[in-house]
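Take a look at the structure set out below.
Just so we're clear, the structure is a prediction, and the values are computed from it rather than from any experiment. Position 1 is the first residue of the sequence, and the numbers go up from there.
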Amino acid sequence: MGLAPTDPAMASRAPHVLLVNPWIHDFAAYDFWAKPLGLLQLGALLRQWGIRVSYRDCLDRFHPTAPPARTDGRFGRGPYLKSQISKPSGLEDVPRRFSRYGIFPEWFREDLSRLFPPDLILVTSVMTYWWTGVRETIQVLKEAFPSTPVMLGGIYATLCLEHARLHSGADRVLPGPGGRHALNLAEKLTGRSAASLQSESRFDPDALDTWPPPAFDLQHKRSYVCLLTAVGCPFTCPYCACHLLAPKRMRRSPEAVVEEVRHWHQACGVSDFALYDDAFLVDAKTHAIPILQRTIAMGLPIRFHTPNALHIREITPQIARLLKSAGFETLRLGLETAIPKARERLDHKTTLEEFSQAVAYLLEAGFHGNQVGAYLLAGLPGQDFASVEASIKTVKACGVRPIPAYYSPVPHTALWEKAVRSSRYPLDADPIYTNNALLPCRKEPFSWELVSRLKALCLV
Ligand code: B12
Ligand code: SF4
């Protein structure tokens with residue numbers, strides 16, 4: 001990627017698209033295996049149609065101007081740079097510092113000044129409550145390239161479409177999955193028909209195996225790579241927007257997944273892989289099991305992490321053994337609550353019996369209790385914190401780590417209306433209030449005392 005002064009090749013006539021991963025504005029942020037996978041997928045698609053792609057990552061921990069990056073979080077994770085900024089209006093009374101996470105604005109401006117002006121800029125977005133970071137990024141892009149159209153997509157853009165149209169500063173907001181958008185944009189940029197682009201690349205937006213591997217090579221460094229083996233989930237949990245973000249379940253072939261892993265390991269020395277799937281273990285017989293078996297057969301010294309949680313119900317003794325042999329290092333399970341009544345009301349993805357059974361299988365397979373974490377939702381509308389404390393104790397009693405997942409209300413989910421009614425903030429007026437760090441659905445103001453108590457209880 002070009003931080004070097006403008007590459008003369010850039011001045012040639014092939015269309016040029018700049019991809020941008022925006023800053024995060026938040027009370028806290030850390031690179032827990034967080035990469036703009038969707039944006040890098042679009043980059044790979046555009047490139048294969050002959051479009052020149054540049055990439056600027058406002059969250060780059062390995063920026064050439066930065067001091068050597070710390071990866072003290074292990075397995076490739078680590079802290080972002082940060083600069084304190086003023087709190088957004090409405091949050092002035094929160095007793096926490098608010099920061100811009102990522103590279104300093106002057107570095108970003110300098111990087112942009114070295115680029116040949118792009119024909120189009122694509123900006124991604126993730127958490128709804130990070131939207132002010134998106135807006136600031138777009139402001140800087142507009143100063144640098146006033147006549148280049150800026151298009152915004154991604155999760156915030158999809159979940160808060162009208163808000164993004166009004167407030168992000170983008171010229172257009174393109175919600176939903178990106179494959180078709182990429183094709184339409186490539187058609188306009190290259191002047192070729194979508195049909196000819198598709199037949200040349202055999203690309204079908206609805207067939208994941210026809211997508212090229214995400215363009216992780218555009219990053220300065222790959223301390224880990226994120227993998228997506230399938231999109232979509234058969235469940236519709238009331239707190240989750242998966243059904244909206246990935247309405248159709250699509251899987252890649254086990255061969256393609258394993259080849260991608262081999263490629264990143266052999267070509268770039270990547271040892272850590274974070275699985276972004278919503279439902280990796282669903283239909284395991286034809287999906288996860290062959291992927292795990294092929295991974296084991298490759299015999300590479302690699303590790304896998306599942307920050308996005310595995311489905312507890314699908315964990316059998318065989319799957320537990322395969323996960324262990326394939327090099328799974330960090331396992332997260334989507335338990336959400338361990339209170340029997342609350343469990344039944346919350347979702348249908350697991351039961352407490354299935355949880356303790358799955359944990360037993362994992363421990364028998366050789367996982368250490370510290371490697372296995374159970375996410376517990378905290379701060380749900382009307383939730384009593386004593387129940388979170390009780391869940392923590394139950395999880396600990398099973399011999400694995402409880403991990404509180406502070407609830408972030410998500411528009412268009414079944415729980416949204418209740419969240420809006422129970423929040424002390426006007427959630428539907430501004431996505432900034434959906435920040436899980438605020439515990440926005442509690443009537444009482446944010447309390448360090450409560451968060452510290454939960455943290456202390458979770459210590460093993
Ligand atoms: C992976 C993931 C994470 C990763 C980090 C992801 C990241 N990059 O930061 C981890 C595990 C760390 C994480 C953590 C959390 N997450 Co999360 N996470 C996801 C997940 C499962 C997948 C996101 C993803 O990368 N998908 C794969 C890529 C390929 O998709 P994509 O980025 O959407 O890109 C596609 C399109 O959007 C589009 N596109 C993207 N960019 C662009 C740009 C343009 C111009 C165009 C045209 C198109 C386009 O094209 C792509 C291909 O189709 C989503 C759920 C989901 N299914 O989307 C939840 C989700 C985003 N997470 C969510 C939540 C709640 C959280 C947590 C708060 C959980 C908790 N309580 O602790 C934390 C917060 C972390 C923090 N503060 O840093 C919520 C969002 C909440 C919100 N209010 O926004 C989601 C939606 C899940 C849910 N509950 O519904 N998460
Ligand atoms: S099982 Fe997980 S990914 Fe699927 S809908 Fe429920 S929370 Fe979302």
Cationic N near anionic O, under 4.0 Å, [X] to [Y]:
| X | Y | result |
| --- | --- | --- |
| Arg453 | Glu389 | yes |
| Arg47 | Asp217 | yes |
| Asp57 | Arg61 | no |
| Arg424 | Glu444 | no |
| Lys35 | Asp31 | yes |

Do [X] and [Y] have a side chain donor and acceptor closer than 3.5 Å?
| X | Y | result |
| --- | --- | --- |
| Thr351 | Arg313 | no |
| Thr434 | Thr128 | yes |
| Tyr433 | Asp428 | no |
| His163 | Tyr156 | yes |

Do the non-hydrogen side-chain atoms of Cys58 and Asn21 ever get within less than 4.5 Å of each other?
->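 Result no, sub-4.5 Å side-chain heavy-atom pair not found.
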Heavy atoms, side chains only, cut-off 4.5 Å: are Leu152 and Arg172 in contact?
->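 No, their side chains stay 4.5 Å or more apart.
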Qualifying residues under salt bridge (Lys or Arg N to Asp or Glu O under 4.0 Å), relative to Asp26, sequence neighbours excluded |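 Result, salt bridge (Lys or Arg N to Asp or Glu O under 4.0 Å) vs Asp26: none returned.
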Not counting sequence neighbours, which residues clear salt bridge (Lys or Arg N to Asp or Glu O under 4.0 Å) with Glu260? List them please.
->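 Arg252.
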Not counting sequence neighbours, list each pair that qualifies as a ring pair (Phe, Tyr, Trp, His ring centres under 6.0 Å) and has a residue in residues 289-326.
->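 For residues 289-326, and leaving out neighbouring residues, the ring pair (Phe, Tyr, Trp, His ring centres under 6.0 Å) pairs sorted by first residue read Trp33-His305, Phe75-His305, Phe235-His311, Phe273-Phe304, Phe304-Phe328.
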If a pair satisfies ring pair (Phe, Tyr, Trp, His ring centres under 6.0 Å) and one of its residues is in residues 394-421, list it, with sequence neighbours excluded.
->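 Qualifying pairs: none.
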Give a yes or no on whether the backbone of Asn308 and the side-chain of Thr306 come within a donor-acceptor separation of less than 3.5 Å.
->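 No; judged by distance alone, with no hydrogens or angles, the pair does not exist.
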What residue pairs, at least two apart or across chains, pass salt bridge (Lys or Arg N to Asp or Glu O under 4.0 Å) with a residue in residues 404-421?
->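 Applying salt bridge (Lys or Arg N to Asp or Glu O under 4.0 Å) to every pair that reaches into residues 404-421, excluding sequence neighbours, yields nothing.
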Sequence neighbours excluded - salt bridge (Lys or Arg N to Asp or Glu O under 4.0 Å) pairs with any residue from residues 87-101 |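 Pairs touching residues 87-101 that pass the test: Arg100-Glu136.
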Going by the rule side chain to side chain donor-acceptor pair (under 3.5 Å), which residues pair with [X] if we only count those two or more places apart in sequence or in a different chain?
| X | result |
| --- | --- |
| Ser125 | none |
| Thr124 | none |
| Arg332 | none |
| Thr229 | Asp277, His287 |

Please report, to 0.1 Å, the donor-acceptor pairs under 3.5 Å made by any side chain of residues 315-326, with sequence neighbours excluded.
from, atom 1, to, atom 2, distance (Å)
Thr316, OG1, Gln318, N, 3.4
Thr316, OG1, Ile319, N, 3.0
Ser325, OG, Arg321, O, 3.0

What donor-acceptor contacts under 3.5 angstrom involve side-chain atoms of residues 355-368, with partners at least two apart or in another chain?
from, atom 1, to, atom 2, distance (Å)
Ser356, OG, Leu352, O, 3.4
Ser356, OG, Glu353, O, 3.3
Gln357, OE1, Tyr361, OH, 3.3
His368, ND1, Asn370, N, 3.0

